[in-house]
S.K.: 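Please see the structure below; I have some questions.
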Amino acid sequence: MMIKINNVSKSFDGVRAVDNVSIDIEYDFSVVISGPSGSGKSTLLRLIAGLETPDNGTIEINGKCMSAPGLALPPHKRRIGYMFQSHALWPHMTVLENIRFPLYDISSDEATKRAKLLLDRMEILHLADRKPDTISGGEARRVALARALAPKPEILLMDEPLSNLNHALKKEMLDLITQWRSETRSTLVYVTHEEQEARHISSSLFRMEKGTLTEDLASDVWK
Ligand code: ADP
Ligand code: MG
């Protein structure tokens, strides 16, 4: 099992953002999580990433305990890539530097080579020396995706990564994500409100409501 979440809860100021959630996600598998705003989706992803510590329960990755009450190994010890709702690029760095930045554990030449390869794959190599505020919203998502993939993560967490993109740009990004998925044996947890994205990513659908996660077997969930 790639990710094993056992009875995990997390409260903020007495409010249970994530309430006794358990889920097992296999290697090389994608799941989609939907649900209303404030239902705990981002908190669950942040718990998996190691950006939050659970109040109760444990999270195992690759058979190793990564999170427990009082314990959360940081994201870089989990082989995890994270793509946020806003692209969250570092404004003072160029596109190339943004992608190179997480690659501190390989040589500088190697990091540049890998970053350029990813930019080429995303068809934005010509933007390498630009600053984020000089590129379009669609281009910025490609940079954010390249940055998330650069450390070759075994798990990719995507939190509404394509919100506010138009239909055509969304389709292009979804194709890039699907291509990457078919080339790497990696695990994807994808949060979205949108049917187009969900259908593209996985038929394994979960729904979050008030901190509780349930598998969604109904085919008319989007109606
Ligand atoms: P979603 O991603 O489904 O919109 P979130 O996980 O962001 O939901 O939030 C779930 C609940 O936890 C909300 O009530 C939110 O206000 C609360 N929450 C999330 N993060 C924090 C935080 N750092 N401090 C206080 N409350 C938080
Ligand atoms: Mg959220």
Side-chain angles (χ1 to χ4, degrees), residues 3-25 30-61 66-76 78 80-90 137-138 140-141 143-145 147-149 153 155-166 169-170 173-174 177 187-202 204-218 221-223:
I3 308 173
K4 199 167 170 56
I5 300 179
N6 309 302
N7 303 107
V8 162
S9 296
K10 176 74 182 177
S11 295
F12 298 103
D13 311 319
V15 177
R16 282 212 165 186
V18 168
D19 189 1
N20 202 27
V21 164
S22 296
I23 179 177
D24 291 348
I25 305 170
S30 300
V31 299
V32 168
I33 300 175
S34 69
S37 183
S39 59
K41 305 179 300 295
S42 294
T43 304
L44 182 61
L45 253 55
R46 291 172 55 80
L47 283 158
I48 298 172
L51 297 166
E52 302 282 358
T53 309
D55 301 331
N56 291 294
T58 58
I59 299 173
E60 290 168 38
I61 293 176
M66 295 281 176
S67 297
L71 165 85
L73 267 75
H76 66 271
R78 299 180 183 223
I80 273 179
Y82 204 114
M83 196 170 160
F84 300 92
Q85 192 160 357
S86 73
H87 58 70
L89 298 175
W90 295 297
R141 303 304 168 99
V143 179
L145 179 60
R147 183 178 61 179
L149 300 181
I155 297 171
L156 195 65
L157 305 175
M158 304 188 99
D159 194 352
E160 303 182 42
L162 308 184
S163 50
N164 305 320
L165 284 188
N166 70 36
L169 284 175
K170 224 173 235 184
M173 287 295 292
L174 285 166
I177 293 167
T187 303
L188 173 62
V189 184
Y190 192 103
V191 170
T192 183
H193 293 289
E194 299 207 11
E195 182 175 3
Q196 179 200 4
E197 290 174 53
R199 288 201 192 288
H200 224 94
I201 297 295
S202 177
S204 177
L205 193 63
F206 289 79
R207 191 165 174 82
M208 200 107 184
E209 296 264 6
K210 296 187 181 141
T212 303
L213 188 72
T214 44
E215 188 156 14
D216 224 322
L217 301 167
V221 54
W222 300 104
K223 297 199 175 94

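Indexing begins at 1, ligand by ligand and atom by atom, following the structure's order.
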S.K.: For the residue pair Ser30 and Ile201, what are the closest heavy atoms and their distance?
M.R.: CB-O, 3.8 Å

S.K.: Only one of His200, Arg141, Gln196 forms a side-chain contact (heavy atoms from CB on, under 4.5 Å) with Lys170, so which one is it?
M.R.: Gln196

S.K.: Any side-chain to backbone donor/acceptor pair from Arg147 onto Met83? Under 3.5 Å, distance only.
M.R.: no

S.K.: Between Ser37, Pro36, Ser42, which is the residue that forms a side-chain contact (heavy atoms from CB on, under 4.5 Å) with Ser39?
M.R.: Pro36

S.K.: Can you list, by chain and residue number, every protein residue with a non-hydrogen atom closer than 4.0 Å to ligand 1?
M.R.: Phe12, Ala17, Pro36, Ser37, Gly38, Ser39, Gly40, Lys41, Ser42, Thr43

S.K.: To the nearest 0.5 Å, what is the distance between CD1 (Ile33) and OG1 (Thr192)?
M.R.: 11.5 Å

S.K.: Taking CG in Asn20 as the centre, count heavy atoms belonging to other residues, nucleotides or ligands within less than 6.0 Å. Is the count above 12?
M.R.: yes

S.K.: When you check the space around the Mg ion (ligand 2), which protein N, O or S atoms turn up under 2.8 Å?
M.R.: Ser42 OG

S.K.: Salt bridge check: are Glu52 and Arg46 linked by an N-O gap of less than 4.0 Å?
M.R.: yes

S.K.: Which value, rounded to the nearest 0.5 Å, describes the distance between Leu188 atom CG and Leu156 atom CG?
M.R.: 5.5 Å

S.K.: Asp55 and Ser9: side-chain donor and acceptor closer than 3.5 Å?
M.R.: no

